[in-house]
Structures are given as C-alpha cells and as structure tokens.
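Take a look at the structure below.
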Amino acid sequence: MLVRDAMSTVVLTIGPTHTLRQAAALMSARKVGAAVVHDPDAGIGILTERDILNSVGLGQDPDAERTHAHTTNDVVFATPAWTLEEAAAAMAHGGFRHLIVLDGGEPVGIVSVRDIIRCWAPARQRVPA
C-alpha cells in the first residue's frame, strides 16, 4: 500500500506569524494534529499539537507566541508513491508522527502514524488459534 492510499488530503496551511492559539483553533476546527507552516523565508515546515502543548507546558502565552518559533523546519517529506513501510521507517528513524506529502514541490497531504495503523490493522489482525 502507498502513502497516497493512507494520507489525509486535508492540509491546513498557516503562516509563520499566526499565534499558537490561532493555530490550535484552526487545527481543532479541521480536526487535524498538524499544520503545514509556509514561511517565505524558511520554506515549508510543520507545527504539531505536541509543539503547542510543549509551549503551553512551559508557561508561554499562546496569544503571544508565534508559530515560527515552534515550527520544525528540518522536515522529512514523503511522496505519494512511497510505500507505507518507507513512511513508517522514516517516522521511526526520525522520531516523529507526521510526514508532509509533497508532489511537484507542493503539499498535497499529510500522513500520520494513525493513518498507517488504520491501513495495516485490518490486514494484520491476529488470526485466532
């Protein structure tokens, strides 16, 4: 199975000057755990729910903190033609749960660990002994 079969095509794209509260509200409304941050200076990055949680946990003000300060810019990108095994290996190696999927240099989806599990679970259910 390929990344294109598992990825979510709901791609929330935000800017580097959004506040963390704005990002959280948009992510919540779209029911997604990550947003693509398009920064004309830094390129494409990712902001996850964990990034927001870490900031709030440190006592930072989500109305003052900007996404650019919490965005991961050193991103591993997938393509729609990657296998789910390749995506899972990249996530395991990098220690992250989301991959931005690029096609022609443009974000076309996000694949998460949860997406991969949903695809694998029916095929890998335990057969009763």
Side-chain angles (χ1 to χ4, degrees):
M1 190 168 273
L2 303 177
V3 165
R4 75 170 45 94
D5 302 317
M7 71 183 193
S8 170
T9 56
V10 176
V11 180
L12 173 61
T13 302
I14 60 176
T17 60
H18 278 80
T19 66
L20 290 186
R21 184 176 307 279
Q22 290 170 324
L26 291 167
M27 290 165 66
S28 178
R30 295 271 185 98
K31 296 182 169 67
V32 296
V36 172
V37 180
H38 184 263
D39 185 335
D41 298 325
I44 296 173
I46 191 166
L47 179 78
T48 67
E49 56 200 355
R50 182 171 290 172
D51 297 322
I52 296 169
L53 180 67
N54 287 340
S55 174
V56 171
L58 290 171
Q60 297 174 337
D61 181 357
D63 291 313
E65 290 295 312
R66 303 294 171 173
T67 58
H68 68 82
H70 302 276
T71 298
T72 300
N73 290 308
D74 183 21
V75 180
V76 175
F77 298 103
T79 71
W82 275 23
T83 65
L84 293 185
E85 287 81 6
E86 289 173 306
M91 290 177 184
H93 179 75
F96 45 82
R97 299 178 299 155
H98 297 87
L99 280 170
I100 299 171
V101 182
L102 295 183
D103 192 9
E106 294 297 318
V108 294
I110 292 183
V111 65
S112 69
V113 170
R114 182 177 290 165
D115 296 326
I116 293 171
I117 290 171
R118 282 187 189 131
C119 290
W120 283 350
R124 297 184 182 206
Q125 287 181 346
R126 186 174 166 168
V127 178

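Computed from a prediction, not measured in an experiment: that's the story for all the values here.
Contact annotation: the side chain of Arg66 approaches that of Thr19 to within less than 4.5 Å [non-hydrogen atoms, C-beta and beyond]. Residues Leu84 and Leu2 have side chains not in contact (no heavy-atom distance under 4.5 Å, counting atoms from C-beta outward). Inter-residue side-chain proximity for Val76 and Phe96 is flagged as met; some heavy-atom pair is nearer than 4.5 Å. Between Arg50 and His98, the closest side-chain pair of non-hydrogen atoms is not below 4.5 Å. In this structure, Met91 and Ile116 have side chains that are in contact, with non-hydrogen atoms separated by less than 4.5 Å. Asp51 is listed as a side-chain neighbour of Thr48, based on a closest heavy-atom distance under 4.5 Å.
Residues Ile44 and Val3 do not share a hydrophobic cluster, clusters being chains of Ile/Leu/Val/Met/Phe/Trp/Tyr side chains in contact below 4.5 Å. No chain of hydrophobic side-chain contacts below 4.5 Å, direct or via other Ile, Leu, Val, Met, Phe, Trp or Tyr residues, connects Val37 to Phe77. In this structure, Val75 is not a member of the same hydrophobic cluster as Trp82, with clusters built from ILVMFWY side-chain heavy atoms closer than 4.5 Å. Taking hydrophobic clusters as Ile, Leu, Val, Met, Phe, Trp and Tyr residues chained together by side-chain heavy-atom distances below 4.5 Å, Leu20 shares a cluster with Val32. Under a hydrophobic clustering in which Ile, Leu, Val, Met, Phe, Trp and Tyr are joined whenever their side-chain heavy atoms come within less than 4.5 Å, directly or via other members, Ile52 and Leu12 fall into the same cluster.
The SG atom of Cys119 sits 11.5 Å away from atom CE of Met7, with the distance rounded to the nearest 0.5 Å. Between Met27 atom CE and Ile14 atom CD1 the span is 7.5 Å, to the nearest 0.5 Å. For the atom pair CD (Gln60) and CG (Leu58), the distance works out to 5.0 Å, reported to the nearest 0.5 Å.
Annotation for Asp63: atom CG counts as buried by contact number, over 12 foreign heavy atoms lying within 6.0 Å.
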*Walk me through it: do Leu47 and His18 pass the test side-chain contact (heavy atoms from CB on, under 4.5 Å)?*
CA-CA 11 Å; Leu47 179 78; His18 278 80; over 6 Å; no
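A donor-acceptor pair is defined here as one N or O able to donate and one able to accept, closer than 3.5 Å; no such pair exists between the side chain of Thr71 and the backbone of Asn73. Using modelled atom types, one side-chain atom of Thr67 and one backbone atom of Gly15 make a donor-acceptor pair closer than 3.5 Å.
A side chain to side chain contact (heavy atoms under 4.5 Å, CB included) with Val108 is found for exactly one of Leu102, Val101, Thr79, namely Val101. A side chain to side chain contact (heavy atoms under 4.5 Å, CB included) with Ile110 is found for one member of Val36, Asp115, Thr9 and no other, namely Val36.
Taking all atoms of both residues into account, the shortest heavy-atom contact from Ile100 to Gly45 is CD1-O, 3.6 Å.
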